[in-house]
Amino acid sequence: MNIDTTGIEYIVKKVMDQIDYAEETGAPVVDGKDGVFQTMDAAIEAAAVAQKEYMKKPLALRRQMIAAMREIMLKKENIETICAMVVEESGMGNYEHKLAKHRLATTGTPGVEDLLTEAWAGDDGCTLLELSPFGVIGAITPTTNPNETIVNNSIGMLAAGNAVVFSPHPKALKTSFLCIKLLNEAIVSVGGPRNLIVTCANPTIEAANEMMVHPKIRMLVATGGPGVVKAVLSSGKKAIGAGAGNPPALVDETADIEKAAKDIIDGCSFDNNLPCIAEKEVVVVDQVADYLIFNMKKNGAYEITDKKAIDALADLVCPEGRLSRDFVGKSAKYIAAAAGLDVPEDTRVLICETSKDHLLAVEELMMPILPIVRVANVDEGIDVAVELEHGNRHTAIMHSKNVDKLTEMAKRIQTTIFVKNGPSYAGIGFGGEGYPTFTIAGPTGEGLTSAKSFARRRRCVLVGGFDIK
Ligand code: NAD
């Protein structure tokens with residue numbers, strides 16, 4: 001029999017076969033050598049030892065470690081394996097887009113250069129404001145960007161001198177273990193301490209709770225829905241919460257409508273709408289609504305016009321008003337087939353007109369279904385966009401050439417990311433200026449997190465010296 005040993009499926013199986021899984025629990029059999037420990041406590045203790053050792057090392061080693069982490073994560077076999085594995089394991093997303101997201105996190109996450117020292121010098125001497133590590137950070141990662149968040153958090157947190165204990169989402173466990181194993185390999189290959197990035201074999205909610213109260217965890221970072229953000233903010237520890245969004249894309253009559261339509265479909269369909277920043281609903285001024293829809297269709301949107309079919313679709317993806325995980329991150333074709341709709345092969349997004357109160361507009365669906373709400377004018381549009389964003393202060397998009405209205409929207413909606421005249425992903429440095437992050441901390445205000453977000457501000461005062469002005 002001929003076996004294709006170059007195909008992604010073969011490579012994924014080969015990697016998965018390297019990890020032994022206990023029959024009863026399904027948890028991997030581990031010994032800590034790849035950063036995976038049997039218990040959360042053992043993982044935290046190992047990370048604490050590693051972090052102490054890390055503090056004795058020069059910054060040059062940090063830089064070398066981060067370069068090696070980037071290199072291993074960009075290796076062709078690794079990136080392809082990780083991205084194929086995460087699609088298979090989580091059952092969500094689009095392989096090609098996962099590659100793009102993984103590359104973005106790996107190449108763009110700021111390193112040690114993000115830590116800028118401030119200084120005051122004068123008659124009384126010289127004072128430095130330095131960015132210093134917290135110690136061991138507990139980081140909870142989502143199922144929607146599991147590998148990207150591990151890479152992004154690891155680079156930022158280690159650049160700031162910390163160790164990190166991950167509590168990955170159970171639906172992306174094998175992918176998370178593989179990322180942690182590879183990152184540790186990279187660190188050790190350049191002489192860095194082992195176990196700066198760890199996790200436990202069975203990261204349940206109980207294990208995450210154990211992590212939150214462990215005395216050796218000095219900071220918590222949660223990337224996920226409202227439940228986990230609330231949990232870390234209630235921990236009594238320094239916490240960064242990167243929570244849910246429901247980004248509206250507002251289009252007014254001054255916008256370049258052809259471009260707006262393309263940008264919205266590109267952003268909404270990216271990784272099957274999994275990114276928390278992706279367009280989740282459109283609010284459009286009536287005067288240009290038909291032309292926008294016409295151009296969306298030219299870019300791979302399929303419009304559902306029958307009201308009953310729209311309501312049936314809502315019942316399918318939100319039975320009894322609650323989001324069904326069965327359709328999160330699935331393709332438009334897959335969802336259409338489940339809804340009994342016969343759509344063209346190249347359909348990227350299902351669009352439909354709804355009221356602003358419709359479940360499809362109100363829920364954060366995380367799938368390529370895009371409700372469109374018509375409004376009489378841009379002022380009403382801003383009101384509706386603000387309402388649909390639910391005060392998450394996460395992300396909003398606006399297509400307009402009216403600077404006054406763009407400014408008004410930015411002031412009213414108060415989102416961490418506000419993209420003007422581009423697809424949502426421009427907001428994380430993909431076709432827009434600025435560095436990427438996969439932990440966007442709206443609730444706690446750090447915004448697009450990077451190494452400096454994971455550091456303590458410490459003042460170091462030398463009295464009566466080093467003023468050389
Ligand atoms: P989720 O909230 O279901 O899970 C996130 C993580 O938290 C998982 O590891 C999960 O196991 C853990 N978790 C959940 N509840 C917990 C609790 N009470 N105690 C401890 N751990 C708990 O989210 P998800 O489905 O994996 O991801 C999608 C959600 O995350 C969306 O709402 C999306 O907007 C949001 N998200 C936000 C950002 C951001 O940067 N702001 C990035 C990605 C995803």
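Both backbone and side-chain heavy atoms feed into the values below; hydrogens, waters and symmetry mates do not. Ligands are counted one by one from 1 in listed order, and the atoms in each one are counted from 1 as well.
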Using a 4.0 Å cut-off to any heavy atom of [X], which atoms of ligand 1 qualify?
X: Pro170; value: 11 (O)
X: Thr439; value: 40 (O)
X: Ser167; value: 9 (O)
X: Asn145; value: 43 (C)
X: Met366; value: 28 (C), 31 (C)
X: Gly245; value: 34 (O)

For [atom], closest protein heavy-atom neighbour:
atom: atom 17 (C) of ligand 1; value: Ile205 CD1, 3.7 Å
atom: atom 44 (C) of ligand 1; value: Thr144 OG1, 3.6 Å
atom: atom 9 (O) of ligand 1; value: Thr141 O, 2.7 Å
atom: atom 12 (C) of ligand 1; value: Ile140 CG2, 3.6 Å
atom: atom 3 (O) of ligand 1; value: His169 NE2, 4.1 Å
atom: atom 38 (C) of ligand 1; value: Cys276 SG, 3.2 Å
atom: atom 37 (C) of ligand 1; value: Gly243 O, 3.1 Å
atom: atom 26 (O) of ligand 1; value: Thr143 N, 2.7 Å

To the nearest 0.5 angstrom, please state how far the [atom1] atom of [X] sits from the [atom2] atom of [Y].
X: Met219; Y: Lys238; atom1: CE; atom2: NZ; value: 5.0 Å
X: Glu281; Y: Leu365; atom1: CD; atom2: CG; value: 8.5 Å
X: Leu196; Y: Met65; atom1: CG; atom2: CE; value: 5.0 Å

Report task. Would you please say whether a donor-acceptor pair under 3.5 Å links the side chains of His399 and Asp252? Result -> no
By side-chain contact (heavy atoms from CB on, under 4.5 Å), Leu131 pairs with (sequence neighbours left out) Leu115, Lys452, Ala455, Arg457
| Under 6.0 Å from the six-membered ring centre of Phe177 and within 45° of its axis: does the NZ or CZ of Lys174 meet both? | no
TODO: Measure from NZ or CZ of Arg348 to the centre of the six-membered ring of Tyr302, then state whether that distance is under 6.0 Å and the direction lies within 45° of the axis.
DONE: no
Heavy-atom proximity to atom 33 (C) of ligand 1, picking from Met92, His394, Glu364, Met211, points to Glu364
Closest to atom 5 (C) of ligand 1 by heavy-atom distance, out of Pro247, Gly224, Ser234, is Gly224
Practice task
Using modelled atom types only, decide if a donor and an acceptor are shared between the side chain of Lys420 and the backbone of Ile397 within a distance under 3.5 Å.
Solution key: no
At under 4.0 Å between heavy atoms, what of Pro226 touches ligand 1? The answer is neither
Contact region, Ala208 to ligand 1, non-hydrogen atoms below 4.0 Å, reads side chain
task = Would you check, one step at a time, whether the test side chain to side chain contact (heavy atoms under 4.5 Å, CB included) holds for Leu350 with Glu303?
result = CA-CA 6 Å; Leu350 304 175; Glu303 187 183 11; over 6 Å; no
Before giving the answer on salt bridge (Lys or Arg N to Asp or Glu O under 4.0 Å), spell out for Arg458 and Glu130 the whole-Å C-alpha distance, their side-chain angles and the decisive distance to 0.1 Å.
CA-CA 5 Å; Arg458 295 176 60 201; Glu130 277 288 44; over 6 Å; no
Consider ligand 1: state whether an atom of it lies below 4.0 angstrom from any non-hydrogen atom of Arg325.
yes
- Task: May I ask whether Lys171 places a heavy atom under 4.0 Å from ligand 1?
- Result: no
Taken in chain and number order and not counting sequence neighbours, the residues that satisfy side chain to side chain donor-acceptor pair (under 3.5 Å) with Lys262 are Asp266
- Item | Candidate pair Phe270 and Lys101, rule side chain to side chain contact (heavy atoms under 4.5 Å, CB included), full reasoning | CA-CA 10 Å; Phe270 192 59; Lys101 280 167 58 176; 3.6 Å; yes
